[in-house]
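Source: prediction; values computed, not measured. Residue numbers begin at 1 in each chain, while the letters A, B, ... track the order of the sequences. Every heavy atom of this structure was used, including side-chain atoms; hydrogens, water molecules and symmetry mates were not.
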Amino acid sequence: MKADYSPVDVESSAQAFWAAQQSFKAVEKPGADKFYCLSMFPYPSGKLHMGHVRNYTIGDVISRYQRMKGKNVLQPIGFDAFGLPAENAAIKNKVPPAEWTYSNIDTMCGQLKQLGIGYDWDRRLATCEPEYYRWQQWFFIELLKRGLIYRRNSRVNWDPVDQTVLANEQVIDGRGWRSGAIVEQREIPQWFLKITAYADELLAEVKQLEHWPEAVRRMQENWIGRSEGLEIDFTVAGRDEKLTVFTTRPDTLYGVTFVSVAAQHPLALEAAARDATVAAFVDEASRGDVTEAAMETMEKRGVALGIDVIHPLTGECIPVYAANFVLMSYGSGAVMAVPGHDQRDWEFAVKYGLPIKAVIAAAGLPSPPGRGAGGEGVAEPAIPAREKPRLPDPLRSLARELRADQTDAEQYLWSLLRDRRFGGHKFRRQHPAEPYVLDFYCHEQKLAIELDGGQHNEDAHARRDAARDAFLAAQGIRTLRVWNSELFSRTEDVLGFLWEALASSEAPSPPAPLPGGEGRQAPDLSAAAFTEKGITINSAEFSGLDFKAAFDGIAAKLEAQNAGRRRVNYRLRDWGVSRQRYWGCPIPIIYCTDCDAVPVPADQLPVRLPEDLVPDGRGNPLLRLDSFVNVPCPQCGKPARRETDTFDTFVDSSWYYARFASAGCQTGMVDERAAYWLPVDQYIGGIEHAILHLLYARFFSKLMRDCGLPAVAEPFKRLLTQGMVLAEGFYRVTDAGGRDWINPKDVDKTADGSHVLKATGEAVTAVGLGTMSKSKNNGVDPAAIIDSHGADAVRLFMMFTAPPEQTLEWSDAGIDGALRFLKRAWRLVADHAALGATEPLDRAALTSAQKDIRRKLHDQLAKISDDFGRRHNYNTAVAACMELVNALAKFEDRSPQGRAVLNEALSALVRVLSPIVPHAAHELWLALGNATPVIDAEWPEPEADARVSDSIAMVVQVNGKLRGQISVPAGSTQDAIIAAALADETVQRFLAGAAIRKQVVVPGKLVNFVV
RNA sequence: GCGCCCGUGGCGGAAUCGGUAGACGCCCGAGACUUAAAAUCUUGUGACUUCGGUCGUGCCGGUUCGAGUCCGGCCGGGCGCACCA
């Protein structure tokens, strides 16, 4: 081997070796422990950028590690090859998208090979290949047969100048990206997949995915957004027609003062036909882009339709408004407006002078306590009124103080309990073992007091509270609930109640019914809506109920009247898969005037996409290609038209993981090999796919299972969400008003902080940090750094610079350090190998310096193995390798056993580095005298005996501040540790003249003296 | 606007279960080698300091013997919001 590290030679020879040996060809071996490692496939945008390098290096590191752990590994690669950027490139360069795409794929494959990623290249695929998409077309027809696909109208962005449908990305501030025209919304027929039919299963199973990041699971749950509510019918006044609304707050039904419908709602359209004001509003609402984000951020506006509906319980006449914030696609496109208890409705009512009614009061007792009707259903809080409020003396004065200062009940009660030692007991705010915040907790009495304002309706709170309550129950802790407001309104009752509860260790007295709604204080609605759940008031026979009782009561009554029904609603909408684009997988449908939409017969698949068209930005060129469009109807043979819409590219990427496992299968979408490889054991990809792609892929897996294909319910067992690689973005405005994105390498920063084009000095606009993407042209191409530093240094630097899940602002500062480390390690092995073979290690004959270096080695191996196997924190694994190299470089013992120890260490070092820097490790491993390649070597495991040490370093604190460090023999008793701590000079200085109130000993860590 | 995540030296980051804040690396300073430079090696490097210490993890508060870590509230940044992939 060469004495100095030369990445170019090392990398090309290792890559040649792997190619010649077919080292990464995956073969199904029944019975062998398989490991399917998949990084999200890239869009072939041209060249790799640093985000790709990060993604594919992580996948390769995991794959190579698992192989060393004895797994039969599959690591494939492919390309998500259909999509908009190819059409944009075609518009710009007048080159067919196919040609551009295939050439990009070639470039990127070359770069991936240069990086030394261990793919089974025989399984490579691209979604734009007919061999791939024919099965997608086949599957569409299967789903159509099973009733899981339907067609309906839905809205798209329409550019009236270019006469074309725009993607959301192509709409900038409500205008078309090329034409600058104000975008309109159009309704066109589109195909939909019934993902809502799987909403429950998708929701239930996402909770079970224990190896997925918590954040992703939460985002998916929120996205599916299951809510239980009521569908309520309002009769349109003077007609035999109903307006149906969905609400999750039927307890506020008596507070409805108007009803809002979407601008596209039939009632709004009907009113628009006769009223110019309404027509103008509907027209205006149909401009701008269709995204939810745009809807939510715009000014909330509306218009009265001149239509009334009848309240199903009160019989009142209620006006109907069209409002621009109501979504036609959620629920029924209509909502009952309760301005008293919904903030958006409140703002709307204030703006348009509509009445605001209070029908919910804060929970807690009315003041003064009354004896109203309808007490049932209110289970808590329940503090019995005291017959004769006879409090012990100190409590009576406390009660007076408490009532006098009605500012912050919680603060007040806390100072009461803490400082005055209420009832002689010590209170704290947390359980010592668990971090749940309890308002007040007394450990001796196992009694928790929860001070409640009646809120906590949000999911996160409710979840946390439920977990806390379960914990308290398991610990046998009594929980008393006290309403905030009661602390002031019934001070004596509350204090007496707490007093008695503390005095006895019995459960508190059974709840007494609370009085009803009459006399209850209505909330102040002058500044904002009261949105908490509370107790109903002004709601006829439903007054005085809590949320659940009011919900149940009102639901039962409406159901009896046939004016409402319980319904589970989802935020999740069915998945529209039609795209009015050329560069996508054709939807295999033929439209016949007699037979309607007819699926293309199986023997005519695939419907091939012509690959020589060049889109010009004015609609789908397929529309103008008669040879594609004009076909006979497969059923009746009459002239018919072929569907020119193509699939959403999310469809392409929803099943590619299964196709990899059945690569090249000619007889079906997947074959039995999928049953061997699936599920994917480790999936790696950007956090930006946390919701849509992952949800759609999970959905497809279930669809495939239900169609009897070899598939699994959940396709991805473990998920690693890689953080984005960010770079600054710059653009200049083109003559047409569009944006021309400039690569950061072509931009200079001027002295005043503005940015200019390097070549011309022309000013450019900076948009700040964002992910590296083709559309923003801010990708950093790794090619130059690979040339100057080598692939291994790039891989090492990528893994070292940050943990995989963290967002990373790209900078190559530090890449020199990666190369420097490789050179050091190389020299260490080269010097060692030059001295020839070593003796076997004799563990019994080692000097203490030799034992020390072995302890260091095996400690670091334990850390590195944990980082690889469990944490996926390769940055700290690399740091441990660096520390090891630093220690080995200082180890100058060249005695036979010294060299044996060094040999053991270098052998382990090369192996643990090999997943990250496979080329250098390949050659170093051979230099250490091994016959088989390092990719097939065994992962080195730490040796427990080598890690045993006879002394332990501990720190000594006084009042939590570091004051000294001691070394004690392993296995010392607490007393011996404390004695050693007290002997420390600095510690003595800080303890001088003070009595030690408490001493805390954390074994193996520290001693803390509290004075 | 809503949902999810993240804020630690000049920089990237470490501190894994509430227990020594700043591991490892970059940059920078000093020294060795060299005619010189590069490379390499050694060494220093949070701030302040009366050299005893004090302060310090976006901000404000809380819990704890002890908080970067847990809780509440702000501020800032990123991702997603259904036609970018």
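Contact annotation for A:V955: base contact, defined as any heavy-atom pair under 4.0 Å involving a base atom. Heavy atoms of A:I815 sit nowhere under 4.0 angstrom from any nucleic acid atom. Heavy atoms of A:K961 sit under 4.0 angstrom from primed sugar atoms or phosphate atoms, though from no base atom. Backbone-only contact: A:T649 has heavy atoms under 4.0 Å from sugar-phosphate atoms and none from a base. Among the heavy atoms of the strands lying under 4.0 Å from A:Q806 are primed sugar atoms or P, OP1, OP2 only; no base atom is included. If you check every strand for non-hydrogen atoms under 4.0 Å, A:F797 touches nothing. A:W575 comes within 4.0 angstrom of nothing in the nucleic acid, heavy atoms only. Nucleic acid contact class of A:R155 (heavy atoms, under 4.0 Å, all strands): none. The residue A:E809 sits apart from the nucleic acid: no heavy atom pair falls under 4.0 Å. At a threshold of 4.0 angstrom between heavy atoms, the contacts of A:G770 are confined to the sugar-phosphate backbone, with no base atom among them. Counting any heavy atom pair closer than 4.0 Å across all strands shown, A:H693 reaches no nucleic acid atom. Using a 4.0 Å heavy-atom cutoff across all strands shown, A:Q580 reaches at least one base atom of the nucleic acid. As judged by a 4.0 angstrom heavy-atom cut-off over every strand, A:V290 is placed among residues making no nucleic acid contact. Using a 4.0 Å heavy-atom cutoff across all strands shown, A:L1006 reaches at least one base atom of the nucleic acid.
Of all nucleotides listed (B:C65, B:G53, B:C84), B:G53 comes nearest to the side chain of A:R963. You'll find that the side chain of A:F800 is closest to B:G25, out of B:C81, B:C65, B:G25. Side-chain proximity of A:P803 to B:G13, B:G78, B:A15: nearest is B:G13. The side chain of A:L726 lies closest to B:C79, out of B:C79, B:C83, B:C5. Comparing B:A14, B:A85, B:C24 against the side chain of A:N886 picks out B:C24 as the nearest. Nearest nucleotide to the A:A879 side chain, out of B:A23, B:A85, B:C65: B:A23. When distances are taken from the side chain of A:T807 to each of B:C83, B:G78, B:G1, the shortest belongs to B:G78. Of the listed nucleotides (B:C83, B:U20, B:A23), B:U20 has the atom at the smallest distance from the side chain of A:L962. Of the listed nucleotides (B:G19, B:A85, B:A82), B:A82 has the atom at the smallest distance from the side chain of A:T291. Here the nucleotide nearest the side chain of A:D80, chosen from B:A85, B:C79, B:A15, is B:A85.
Listed by first residue number, the stems of RNA chain B with at least three Watson-Crick or G-U pairs below 3.5 Å are B:1-7 with B:75-81, B:10-12 with B:24-26, B:28-32 with B:40-44, B:46-48 with B:53-55, B:58-62 with B:70-74.
Put simply, CD on A:E221 is 17 Å from C1' on B:C2, counting in whole angstrom units. Atom P of nucleotide B:G80 and atom CZ of A:R571 are separated by 15 Å, given to the nearest angstrom. In this structure, the CD1 atom of A:I977 is 17 Å from the P atom of B:G19, given to the nearest Å. The nearest whole Å value for the distance from the CH2 atom in A:W223 to the P atom in B:G3 is 14 Å. In this structure, A:M219 atom CE and B:C81 atom P are separated by 11 Å, rounded to whole Å. In this structure, CG of A:D4 is placed 14 Å from C1' of B:A38, rounded to the nearest angstrom.
Looking at A:E805 and A:T721, their side chains do bring a donor and an acceptor atom within 3.5 Å of each other. Under 3.5 Å, the side chains of A:W575 and A:D648 contain a donor-acceptor pair of N or O atoms.
Here the closest heavy-atom approach between residue A:C881 and residue A:L913 is recorded as SG-CD2, 3.8 Å.
Because its NZ or CZ atom is both nearer than 6.0 Å to the ring centre of A:W158 and within 45° of the ring axis, A:R186 counts as a cation-pi partner of that residue.
Glycosidic conformation of B:G61 is anti; the angle lies outside 90° of 0. Classification of B:G77 as anti follows from a glycosidic angle more than 90° from 0. Applying the 90° cutoff around 0 to the glycosidic angle, B:C17 is assigned syn.
Between A:F41 and A:Y656, a ring centre-to-centre spacing shorter than 6.0 Å is recorded. With ring centers used as reference points, A:F647 lies 6.0 Å or more from A:F82. Between A:Y874 and A:F800, a ring centre-to-centre spacing not shorter than 6.0 Å is recorded.
Between A:R217 and B:C4 there is no side-chain N or O to OP1 or OP2 distance below 4.0 Å. Between B:G66 and A:N959, no contact under 4.0 Å exists linking OP1 or OP2 to a side-chain N or O. Between B:U16 and A:R871, no contact under 4.0 Å exists linking OP1 or OP2 to a side-chain N or O.
In this structure, the side chains of A:K92 and A:N88 stay at 4.5 Å or more apart for every pair of heavy atoms.
Between A:A215 and A:M882, the one whose closest nucleotide on RNA chain B sits nearer the 5' end is A:A215. Judged by closest nucleotide on RNA chain B, A:N1008 is the one of A:N1008 and A:Y696 placed further toward the 5' end.
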Assess whether salt bridge (Lys or Arg N to Asp or Glu O under 4.0 Å) is satisfied between A:D162 and A:R178, documenting all intermediate values. CA-CA 8 Å; A:D162 276 344; A:R178 293 179 72 236; 3.3 Å; yes
Steps toward ring pair (Phe, Tyr, Trp, His ring centres under 6.0 Å) verdict (A:Y657, A:Y683): CA-CA 10 Å; A:Y657 54 87; A:Y683 197 33; 7.4 Å; no
Going through the checks in order, is the side-chain hydrogen bond (donor to acceptor under 3.5 Å, both in side chains) test met by A:N886 and A:R824? CA-CA 9 Å; A:N886 291 343; A:R824 263 163 77 82; 2.5 Å; yes
Could you run through nucleotides 27-33 of chain B and give me one letter per nucleotide, 5' to 3': B if any protein heavy atom sits under 4.0 Å from the base, S if only the sugar-phosphate is that close, - if neither? S------
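Distance noted for atom C1' between B:G22 and B:G44: 16 Å (whole Å).
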